[in-house]
Amino acid sequence: MLDVQLLRNDLEGTAQRLKTRGFDLDLRRFQELEQERKGVQMHTQELQAKRNQSSKQIGIAKSKGEDVSAIMAEVANLGDELKTAEEKLAVIQSYLNDLLMNIPNLPHESVPIGKSETDNVEVRRVGTPRSFDFPVKDHVDVGEGLKQLDFETAVKITGARFSLMKGPLARMHRALAQFMLDVHTQAHGYTEVYVPFLVNADSMRGTGQFPKFQDDQFHVCADDLYLIPTAEVPVTNIVRDVIVALEDLPLKFVSHTPCFRREAGSYGRDTRGMIRQHQFEKVELVQIVQPEQSYAALEALLGHAETILKQLELPYRVMALCSGDMGFSAAKTYDIEVWLPAQNTYREISSCSNFEAFQARRMQARYRNGKNKPELAHTLNGSGLAVGRTLVAILENYQNADGSVTIPAVLRPYMGGTEMLSA
RNA sequence: GGAGAGAUGGCCGAGUGGUCGAAGGCGCUCCCCUGCUAAGGGAGUAUGCGGGCUUAAACCUGCAUCGAGGGUUCGAAUCCCUCUCUCUCCGCCA
């Protein structure tokens, strides 16, 4: 959520900046609502003040045993007027709130201006894609060839966009998560957290999934809870309605969770394989920091995610997302894309964002600044990394001519020393 | 799932219709005092939202908030209803 003051003080400028990410702010509607709000709110508060004063007088008079009928008559018809005013104010405020909750974050000044994916800017490229002297198979063919990846059974059990792994491949999937957690806790100073995978609507609102992306979530109706689309939701909401002591910042959390996404609206895309699943696992990095430090923190967090790819020796590139391609809540986002030889392209494997105070304002996540005043914190997160897609990248990049797959060196200690996946 | 008890400020804890945003204590901050330390004395110490003032902050002022939402009343922490959560006992269970 943006600061309302920003809209009140510089509506035009804010609208301009929002336009760069393809959002059209309804200026007239905001102005009308805001003007009405101001009038009604002042009127309401005036009436409330009047009522409070009279009630106090009645109390004083009664305690002295005086006659109160005169004052009572004075406030007699205040009630209805006040009730009307309060109801009107509530309606206006809910309209304003709806408007506000659906406005995306402002892009940071360093964000490249652009309309779509094609305007994203490559920041760096690390590692060289291997050249194969045999026809490259995609991860589906590799995994099914090993008889360790089975989509057919997953479809039978549940439906499309689910997968089933067996044997050493299932173990490698688990090993990947363990490896990532160990690196981030031991080398990067993150605290591991285990969190609920079902959350309430308040948490979804806090990180910005609600109200706009309600259709993308799995809803457990009987209990009115939602399956998390990312660990970002439960982990960032740790600080909802909390005022963190200055000396406790930055907070750095890492969490390994399953993620559930309905993928509404992406029916035709990535239907083959485990690139786009309703259920996948992710190791997520989350930081809560002071505003002055959030951009340095973003670079650091990005580096932490990159470390995993470097250690797995997977070629990747870092993209700075343009204004038009960023997510709703982000002020700045870097995507890390891993090389997939079968697709002959780089595909997203991590997304690292600084949300500035956008999420913090929604969830009242604050810290005490140098003057001991509560101030909104900045929140960041990034995948470090998406486990399923990392597995895909390994299957494709480490495949051998005979259909086997070499296990990256750093994973072997997690695989009982095994060096190869083979049928 | 059944029965009962409870939810008040950073913490403990008082408060069953009236000058209560809330006694008292602890903690914390500042000041005084004692050569230092300990003890003692004084003052201050919630958050959100509006309005005024301002470049801004500070400040002044109004409103709201005693788990959440609704109701009764001129007036609700206090009475009524619904919900949530916590604790105890029983049942069940990994």
Side-chain angles (χ1 to χ4, degrees), chain A residues 1-10 13 30-101 194 196-206 210 220-226 234 237-249 291-292 357-377:
Chain A
M1 190 161 70
L2 296 181
D3 187 353
V4 207
Q5 296 299 344
L6 198 61
L7 295 171
R8 289 181 191 154
N9 296 336
D10 184 19
F30 177 79
Q31 280 170 322
E32 280 170 11
L33 277 171
E34 178 57 18
Q35 200 185 345
E36 210 181 345
R37 185 229 101 224
K38 190 162 168 172
V40 175
Q41 182 163 4
M42 280 168 67
H43 179 58
T44 306
Q45 293 190 354
E46 233 168 76
L47 292 174
Q48 286 169 329
K50 209 185 280 180
R51 179 206 58 198
N52 290 348
Q53 221 177 352
S54 300
S55 296
K56 202 172 252 187
Q57 279 173 2
I58 291 170
I60 295 169
K62 271 202 169 174
S63 71
K64 290 181 186 158
E66 293 169 6
D67 177 44
V68 293
S69 55
I71 318 173
M72 292 285 270
E74 223 173 273
V75 279
N77 37 21
L78 207 91
D80 285 343
E81 201 184 342
L82 180 58
K83 196 170 179 183
T84 310
E86 279 174 341
E87 278 165 4
K88 199 170 167 191
L89 180 62
V91 170
I92 295 166
Q93 273 175 336
S94 85
Y95 283 150
L96 262 175
N97 193 48
D98 284 352
L99 186 72
L100 223 50
M101 289 292 267
Y194 173 84
F197 304 152
L198 285 164
V199 298
N200 57 35
D202 283 340
S203 294
M204 287 294 220
R205 252 188 300 277
F210 283 7
V220 180
C221 299
D223 300 282
D224 200 21
L225 294 172
Y226 301 85
N237 272 280
I238 289 173
V239 292
R240 171 151 55 88
D241 294 320
V242 171
I243 302 178
V244 183
L246 182 59
E247 59 265 29
D248 290 338
L249 292 182
E292 312 81 66
F358 190 84
Q359 294 180 326
R361 187 171 294 108
R362 288 171 166 240
M363 47 185 180
Q364 286 298 302
R366 294 165 294 171
Y367 74 102
R368 291 210 183 267
N369 64 20
K371 291 179 197 147
N372 213 33
K373 285 274 171 211
E375 186 176 331
L376 294 170

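Reminder, nothing fancy here: chain letters follow the sequence lines and each chain counts from 1.
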Quick one: label [X] by what it contacts on the DNA or RNA (base, sugar-phosphate, nothing), any heavy atom closer than 4.0 Å.
X       : answer
A:Met42 : sugar-phosphate
A:Gln5  : sugar-phosphate
A:Ser63 : base
A:Asn52 : sugar-phosphate
A:Lys56 : sugar-phosphate

Roughly how many Å is it from [atom1] in [X] to [atom2] in [N], rounded to a whole number?
X        : N     : atom1 : atom2 : answer
A:Lys38  : B:G51 : NZ    : C1'   : 8 Å
A:Gln93  : B:A64 : CD    : C1'   : 11 Å
A:Leu82  : B:C63 : CG    : P     : 12 Å
A:Arg51  : B:U19 : CZ    : P     : 14 Å
A:Arg368 : B:A46 : CZ    : C1'   : 8 Å
A:Arg37  : B:A64 : CZ    : C1'   : 14 Å

Using the [atom1] atom on both, measure [N] against [M] and round to a whole Å.
N     : M     : atom1 : result
B:U47 : B:C89 : P     : 38 Å
B:G48 : B:C36 : C1'   : 46 Å
B:G4  : B:G91 : C1'   : 15 Å
B:U65 : B:G21 : P     : 10 Å
B:C66 : B:A77 : C1'   : 5 Å
B:A46 : B:A56 : P     : 26 Å
B:A68 : B:U8  : C1'   : 15 Å
B:G67 : B:G13 : P     : 15 Å

Task: A:Asp202 bridged to A:Arg205 by N-O distance under 4.0 Å - done: yes
- [ ] Using a strict cut-off of less than 4.0 Å between a Lys/Arg side-chain nitrogen and an Asp/Glu carboxylate oxygen, indicate whether A:Arg37 and A:Glu34 qualify as a salt bridge.
- [x] yes
Task: Contact nearer the 5' end of RNA chain B, comparing A:Arg366 with A:Lys50 - done: A:Arg366
Task: A:Gly59 or A:Gln48, whichever maps to the more 5' nucleotide of RNA chain B - done: A:Gly59
Can you tell which of [options] lies closest to the side chain of [X]?
X       : options             : result
A:Ser55 : B:U47, B:G75, B:C49 : B:G75
A:Ala49 : B:U47, B:G51, B:C63 : B:C63
A:Arg8  : B:G48, B:G50, B:G51 : B:G50
A:Gln45 : B:G62, B:G52, B:U47 : B:G62
A:Lys62 : B:C74, B:C49, B:U47 : B:C74

- [ ] Grab the two heavy atoms, one from A:Arg361 and one from A:Met1, that are nearest each other, plus how far apart they are.
- [x] NH1-O, 2.7 Å
- [ ] Report the base-pairing partner of B:C63 (Watson-Crick or G-U wobble, both distances below 3.5 angstrom), or none.
- [x] B:G48
TODO: Spell out, as yes or no, whether a donor-acceptor pair under 3.5 Å connects the side chain of A:Arg362 to the backbone of A:Met101.
DONE: yes
Task: Rounded distance [0.5 Å steps], CG in A:Leu82 versus CD in A:Glu87 - done: 10.0 Å
TODO: Decide yes or no on side chain to side chain donor-acceptor pair (under 3.5 Å) for A:Asn200 and A:Ser203, but give the supporting numbers first.
DONE: CA-CA 6 Å; A:Asn200 57 35; A:Ser203 294; 3.2 Å; yes
